[in-house]
2 protein chains.
Amino acid sequence: MRRDNRLSAALHVLLHMAEEAHPLTSGKLAKTMMTNPVVVRRMLAGLRAKGYVRSEKGHGGGWTLARDLEAVTLRDIYDALDSPSLLAIGHRAENPQCLIEQAVNAVLNQTFRDAEDMLLSRFGEVTLAALSTDFHKRLAGRQGAYNPEAAHEG
Amino acid sequence: MRRDNRLSAALHVLLHMAEEAHPLTSGKLAKTMMTNPVVVRRMLAGLRAKGYVRSEKGHGGGWTLARDLEAVTLRDIYDALDSPSLLAIGHRAENPQCLIEQAVNAVLNQTFRDAEDMLLSRFGEVTLAALSTDFHKRLAGRQGAYNPEAAHEG
DNA sequence: TCTCATGTAATTCTAAATGTTACATGAGAC
DNA sequence: GTCTCATGTAACATTTAGAATTACATGAGA
């Protein structure tokens, strides 16, 4: 099954924005993400609607963070992306007449619910600030300055 | 995201087989599952390879269970279906040069791994016998005899 | 040898993410 | 004002993997 990358992509974009003082254009971000500007705009539109980022048109325009990194969790971003489904497996009919199917669904549903709850609560525990701290630790380990161009070569 | 139904479908089929003393044809099972005989055969081929079911050709042929219900867990079936991916979300590059992407992946990977482990260990705890018991409880509650035809009407 | 059922390859259908094109809108720069 | 830059968005194309279908070979009774 194909996997939805939007959460990963959104976090990546947000942290890049956090490293820059000026607005970043969707074109620039798209190059960073090796994707298309429209894909970036589409994704960020959801975050803007929830107030996590701002966008401005015209010269010098682009995207900027609208919130403190401490104030935003992965859960917030996940929700802003319209809560894409987390699990790749499921079952056939939601309200089957067949009692066997009901028994199967009962077990699977409970298990799936628990797994989703676990994922969401984990997401709620991690802030963008924590991710940023981790990034800067890695950066210090490399003893290099931040260079978004070089970071995405090859 | 579209969800993979094979685990649910396989469990459903296996429990139907458990209720019948004679072999069930893929055509009959397909009608039960409102799907196509080839889909059923393809799915059951994986289970047969692992020894959970048997198939026989010709008159009176079809599919039968090859193991005790107590001896098979949902995990066994999941593995026999070739371990379809459990999570619908993921990330972009597995070994990104970008340190931001690395930081993002580190958090997401750990979370995803934990969720998958939880699902698999849950699957390992539930036997087909437990599902069957649940089914028979529901059946007793309905005070009806088992009737696979009626169970899948409408 | 006829029929039934599986075995399996090849093809098509489908849904959802992803990617692309095209063009309208609005904000500076000049 | 108008040119350029950048977002906003609709419409369309591509991709991917599961699901469904078609077609035919194989083998086991009746």
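All values below were derived from every heavy atom in this structure, side-chain atoms included, with hydrogens, water molecules and symmetry-related copies excluded. First the proteins, then the strands, lettered A, B, ... as listed; each starts at 1.
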Show, in sequence, the C-alpha distance, side-chain angles and deciding distance for L74(B) and T127(B), and conclude whether the side-chain contact (heavy atoms from CB on, under 4.5 Å) test is met.
CA-CA 6 Å; L74(B) 305 204; T127(B) 63; over 6 Å; no
Using only atom types and a distance under 3.5 Å, with no angle test, would you say the side chain of N105(B) pairs donor to acceptor with the backbone of Q102(B)?
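A pair under 3.5 Å: no.
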Phosphate OP1/OP2 of [N] contacted by [X] side-chain N/O (<4.0 Å):
| X | N | value |
| --- | --- | --- |
| R3(A) | dA17(C) | no |
| T25(B) | dT6(C) | no |
| S55(B) | dG7(C) | yes |
| T35(B) | dA20(D) | yes |
| N5(A) | dA17(C) | no |

Check L11(A), L86(A), L119(A) against Y78(A) for a side chain to side chain contact (heavy atoms under 4.5 Å, CB included) and give me the one that passes.
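Between Y78(A) and the candidates, side chain to side chain contact (heavy atoms under 4.5 Å, CB included) is satisfied uniquely by L86(A).
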More than 12 non-hydrogen atoms from neighbouring residues, nucleotides or ligands closer than 6.0 Å to CG on D82(B), yes or no?
no
Going 5' to 3' along nucleotides 25-30 of chain C, which nucleotides have protein heavy atoms under 4.0 Å from the base (write B), which only from the sugar-phosphate (write S), and which from neither (write -)?
BBBB--
How close or far is atom [atom2] of [N] from atom [atom1] of [X], stated in whole angstroms?
| X | N | atom1 | atom2 | result |
| --- | --- | --- | --- | --- |
| M43(A) | dG19(C) | CE | P | 11 Å |
| N36(A) | dT9(D) | CG | P | 16 Å |
| L81(B) | dA19(D) | CG | P | 10 Å |
| M33(A) | dA17(C) | CE | P | 17 Å |
| M17(B) | dT6(C) | CE | C1' | 13 Å |
| L47(A) | dG8(D) | CG | C1' | 15 Å |
| D4(B) | dA16(C) | CG | P | 14 Å |
| I89(B) | dT16(D) | CD1 | P | 20 Å |

Should D76(B) and T73(B) be marked as a side-chain contact (heavy atoms from CB on, under 4.5 Å) after you check the CA-CA gap, both sets of side-chain angles, and the distance that decides it?
CA-CA 5 Å; D76(B) 295 327; T73(B) 67; 3.3 Å; yes
Partner set under salt bridge (charged side-chain N to carboxylate O under 4.0 Å, His left out) for D117(B), not counting sequence neighbours:
none
For D134(A), give me all partners under salt bridge (charged side-chain N to carboxylate O under 4.0 Å, His left out), at least two apart in sequence or on another chain.
R138(A)
I'd like a table of donor-acceptor pairs (distance under 3.5 Å, sequence neighbours excluded) in which one partner is a side-chain atom from residues 46-66 of chain A, with atom names and distances.
{"from": "R48(A)", "atom 1": "NH1", "to": "S55(A)", "atom 2": "OG", "distance (Å)": "3.1"}

Go through DNA chain D and write down every stem, that is, every run of at least three consecutive Watson-Crick or G-U wobble pairs with distances under 3.5 Å, as range with range.
C:1-30 with D:1-30
From CG (L99(B)) to CZ (F135(A)), nearest 0.5 Å:
6.0 Å
L131(A) side, atom CG; L69(A) side, atom CG - distance, nearest 0.5 Å:
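Reported value, rounded in 0.5 Å steps: 9.0 Å.
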Atom pairs under 3.5 Å: protein N/O with N/O of nucleotides 8-10 of chain C:
{"from": "dT8(C)", "atom 1": "O4", "to": "R41(B)", "atom 2": "NH2", "distance (Å)": "3.3"}

When you compare the side chains of H16(B) and E101(A), does any donor N or O come within less than 3.5 Å of an acceptor on the partner?
no
Passes side-chain contact (heavy atoms from CB on, under 4.5 Å), F123(A) versus V107(B)? Steps please.
CA-CA 9 Å; F123(A) 288 164; V107(B) 171; over 6 Å; no
